[in-house]
Amino acid sequence: MQTFKFLSYSFMFIIYQEVKSSSAMVEGLDLLETILGKELFSKEVEVLKTDKGSEFIDADRFEMHYVTTNRERYRIYKSDPKDCEGCPFLSQCTKSKNQEKVITRHVWESYKEEANHIRHTDEWKKIYPQRKETIERVFADAKENHGMRFTRLKGLERNQHESLIIFSCHNFKKLGLSKKRLGYI
């Protein structure tokens, strides 16, 4: 079986393969591209992960190797140009003169993918509507009762200090109200 999981849609597509070979896997990808269309396929199928089973005997030959992390916190992966020599998909894969594919991935990308996946779960869909009652309520209170619709001070540091004082007072207010509700005051 060849499985494709689309996290942004909470959808999984499975192709049953009678033969476990690399050509069957390529046929599965071609079938998926035919079904989705080239534009949607290139948008949604950015990363292919394999379990390196027997149908991927040569998978190690095409792995990307970590090179460095740049100042913008992107990890840079590069392929070995020797691996790509004679590949029929080389023109689709890279436009580089030295036939080296380069992939950049932000260090937080895996966390963003996980958050995006969680966002589509049934549990999250139940919890999310409560956001307007709890989190956004704090900002509404700050804007309405504490004059945070605009700044009165000049400079980032002064405004940060004022915000810190306002939200500290807000937390004390919540603490006092909860203690009163529980009967401690």
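Note on ring orientation: taking the six-membered ring where Trp is involved, the planes of His170 and Phe167 are perpendicular (angle over 60°, cut-offs 30° and 60°).
With values rounded to the nearest 0.5 angstrom, Glu72 atom CD is found 10.5 Å from Thr104 atom OG1. Once rounded to the nearest 0.5 Å, the distance linking OG1 of Thr69 with CD1 of Ile76 reads 7.5 Å. Note: Arg152 CZ to Asn159 CG = 9.0 Å, rounded to the nearest 0.5 Å. Atom-to-atom distance recorded for Ser163:OG and Leu156:CG is 9.5 Å, nearest 0.5 angstrom. From Asp122, atom CG reaches atom CD1 of Ile127 across 11.0 Å, with rounding to the nearest 0.5 Å. We find the CD-NZ distance between Gln99 and Lys97 to be 13.0 Å, quoted to the nearest 0.5 Å.
Ion pair Arg105/Glu113 flagged as a salt bridge, since at least one NZ, NE, NH1 or NH2 atom sits closer than 4.0 Å to an Asp/Glu carboxylate oxygen. We find that Glu109 and Lys112 are joined by a salt bridge, their nearest charged nitrogen and carboxylate oxygen being less than 4.0 Å apart.
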Requested in this report: Evaluate side-chain contact (heavy atoms from CB on, under 4.5 Å) for Ile103 paired with Arg75, printing each intermediate quantity in order.
Outcome: CA-CA 8 Å; Ile103 294 178; Arg75 291 188 180 123; over 6 Å; no
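Listed here is the closest heavy atom pair of Val67 and Lys78: CG2-CG, 3.7 Å. Nearest heavy atoms, Arg119 versus Lys125: O-CG, 4.4 Å.
Remark: Tyr66 pairs with Tyr77 by the ring-ring contact (aromatic ring centres under 6.0 Å, His included) rule, at least two apart or across chains. Here Ser96 pairs with Asn98 under the side chain to side chain donor-acceptor pair (under 3.5 Å) rule; sequence neighbours left out. The salt bridge (charged side-chain N to carboxylate O under 4.0 Å, His left out) check on Lys180 picks up nothing, with sequence neighbours excluded. Arg181 meets the side chain to side chain contact (heavy atoms under 4.5 Å, CB included) test with Ser178; sequence neighbours excluded. With sequence neighbours left out, the side chain to side chain contact (heavy atoms under 4.5 Å, CB included) criterion links Lys179 to Leu175, Tyr184, Ile185.
Residues Glu162 and Met148 form no side-chain contact, since every pair of their non-hydrogen atoms from C-beta on lies 4.5 Å or further apart.
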Would you give me the side-chain donor-acceptor pairs under 3.5 Å for residues 28-41, sequence neighbours excluded?
| unit_1 | atom_1 | unit_2 | atom_2 | d |
| --- | --- | --- | --- | --- |
| Thr34 | OG1 | Asp30 | O | 2.8 |

